[in-house]
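Heads up: the structure comes next, in structure tokens.
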Amino acid sequence: MINWYKKNKRDLPWRKNITSKDYAYKVMVSEFMLQQTTVSTVIPYFNKFIKKWPSIKKLSKANLDEVLLSWQGLGYYTRAKNLLKTSNFVCNQHNAIVPSSLKKLKELPGIGDYSAAAIRSIGYNKKAVAVDGNVKRVIARYYGLKGTLKDNSEIINQIALRICPDRSNRVYTQAIMELGAIICKPRKYDCKKCCLKKNCRSYKQNIVHLIPSKKIKLYKEKLNCISFLIVDQHKSVLMKKREDTKLLANQWELPSTNWVKKPPKFSKICTPFPKSNWKNTNFRLKHIFSHLELENVVYISEKKIGGKSKNFKNFEWIDNCNLKKIVVTTMTKKILKKFNLVQT
DNA sequence: AACACGGGGAC
DNA sequence: GTCCCAGTGTT
């Protein structure tokens, strides 16, 4: 497997300059970004992030809005918050050196079992057992473990510990993950090319397609809302900042109704400017989150001079130029794009 | 042990 | 449409 990896490994930006002083920091940043996120999605974000904050000391001087802006579109925004917290903690408590012990790594916000092991192994080449989704799948197939990954999590962790080598841990950790990502993929796996096929139980028994078995799908709540797009005479858009907790924390979005099960009926009284002339755009946007679906109907209006608004708490008129400087939810971004108020 | 937390890519 | 991705924190 190691030989296969050395020959076939991908040229990923966080694998460069292993000897540089900031290498462990870069590995840490990559591990935050890679949580539940594919490599191809992460690469451009990682490059931009490291260009802006090449060292942990520089990152620790950033403010949250800046970090969230560079995270915009990547999802799971608590990661950005935790990464900033962690960099501050490391600068204050660990002399700006990313720790290499599992215990100290796991004290850092946003770093759990997997990330601690990955940073120790990939960042410092010290022994650690990093078990991510790829590793679980490779082990489950190689040992022919039927059932879901969750059913087998205990035994998978035991095996992972047993087969983890003491030496060259950095290469091993990446090799087994890379095998899962390139060859032993969830679908369209390529067993013919797999260096482990000789002893792979599910390959020999021809049950690769059954392993791991799918986890039962959970019901996704379907919600609805109306968003209000209002532009003033200077082409500024009225935006609202979300609360700093929970979903899409601290991000800006169009003013909108609550998210409710039954599609809300339009009424001027729910709009930010009840006296304006609101029109249904007939534009509907379905947005999928990990745990719910939201169907968004967009109403549009131009602000009348002298029109009064109801409640300006957390509301602000944002001009076109400043729209790209604030963190906007992906959903609102799509709406603004549809009405040619933002590029890209 | 179950749920909250994004968004996109592959099929 | 479905699955799932270099998971973590909260309840």
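Each chain gets a letter, A, B and so on, in the order its sequence line appears, and its residues count up from 1.
Not one side-chain nitrogen or oxygen of R79(A) sits closer than 4.0 Å to the OP1 or OP2 atom of dG6(B). At dG1(C), one or more side-chain N or O atoms of K286(A) fall inside 4.0 Å of OP1 or OP2 (strictly under the cut-off). The phosphate of dG7(B) (OP1 or OP2) has a side-chain N or O of H287(A) nearer than 4.0 angstrom. Between dG9(C) and T78(A), no contact under 4.0 Å exists linking OP1 or OP2 to a side-chain N or O. OP1 or OP2 of dG7(C) has at least one side-chain nitrogen or oxygen of Q36(A) nearer than 4.0 Å. For dG7(B), one of the phosphate oxygens OP1 or OP2 lies less than 4.0 angstrom from a side-chain nitrogen or oxygen of T330(A). Look at K334(A) and you'll find a side-chain N or O under 4.0 angstrom from OP1 or OP2 of dG8(B).
In this structure, OH of Y219(A) is placed 20 Å from P of dA2(B), rounded to the nearest angstrom. A straight line from CG of L34(A) to C1' of dC5(B) spans 17 Å, rounded to a whole angstrom. Here the C1' atom of nucleotide dA6(C) and the CD1 atom of I43(A) are 12 Å apart, to the nearest Å. Atom pair W14(A):CH2 and dA6(C):P shows a separation of 10 Å (rounding to whole Å applied). Between K246(A) atom NZ and dT10(C) atom C1' there is a gap of 11 Å when expressed in whole angstrom units. We find that OH of Y45(A) is positioned 8 Å from C1' of dG7(B), with the value rounded to whole Å. Here dT8(C) presents its P atom at 19 Å from NE2 of H291(A), a figure rounded to the nearest Å. In this structure, CG of L74(A) is placed 14 Å from C1' of dG9(B), rounded to the nearest angstrom.
The structure places OG of S100(A) at 11.5 Å from CG of N125(A), a figure rounded to the nearest 0.5 Å.
Comparing dG8(B) with dG9(C), their C1' atoms sit 23 Å apart, to the nearest whole Å. When the P atom is compared between dG9(B) and dT8(C), the two are found 24 Å apart, to the nearest whole Å. Between dC3(B) and dA6(C), the distance separating the two P atoms is 24 Å to the nearest Å.
Comparing dC5(C), dG6(B), dA2(B) by their nearest atom to the side chain of P186(A) picks out dC5(C). The nucleotide whose nearest atom lies closest to any side-chain atom of K214(A) is, among dA6(C), dC4(C), dG6(B), dC4(C). Among the nucleotides dA6(C), dG7(B), dT8(C), the one closest to any side-chain atom of F289(A) is dG7(B). Here the side chain of S290(A) is nearest to one of dG6(B), dC11(B), dC5(C), namely dG6(B).
DNA chain B is contacted by both S40(A) and A249(A); A249(A) maps to the nucleotide lying nearer its 5′ end (nearest heavy atom per residue). Positionally, the nearest nucleotide of DNA chain B for Y76(A) lies more toward the 5' end than for the other of Y76(A) and R187(A). Looking at which nucleotide of DNA chain C each of P109(A) and S30(A) is closest to, the 5′-most match is held by S30(A). Nearer the 5' end of DNA chain C, as judged by each residue's closest nucleotide, is the contact made by V39(A), out of N82(A) and V39(A).
With M28(A) as the fixed residue, the side chain to side chain contact (heavy atoms under 4.5 Å, CB included) test singles out one of L105(A), D22(A), V98(A): V98(A). Checking each of F49(A), F32(A), F46(A) against W14(A) for a ring-ring contact (aromatic ring centres under 6.0 Å, His included) leaves exactly one that passes, namely F46(A).
Using a 4.0 Å heavy-atom cutoff across all strands shown, R15(A) reaches at least one base atom of the nucleic acid. The residue L292(A) sits apart from the nucleic acid: no heavy atom pair falls under 4.0 Å.
Residue-to-nucleotide contacts include no donor-acceptor pair under 3.5 Å from the side chain of T41(A) to the base of dG7(B).
The number of heavy atoms from other shown groups lying within 6.0 Å of CZ (R284(A)) does not exceed 12.
Note: W317(A) and F273(A) have tilted aromatic rings, judged against thresholds of 30 and 60 degrees for the angle between ring planes.
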side-chain hydrogen bond (donor to acceptor under 3.5 Å, both in side chains) assessment of R79(A) paired with N82(A): CA-CA 5 Å; R79(A) 295 183 294 175; N82(A) 283 335; over 6 Å; no

Test log, rule side-chain hydrogen bond (donor to acceptor under 3.5 Å, both in side chains), inputs S276(A) and E302(A): CA-CA 7 Å; S276(A) 281; E302(A) 281 184 23; over 6 Å; no

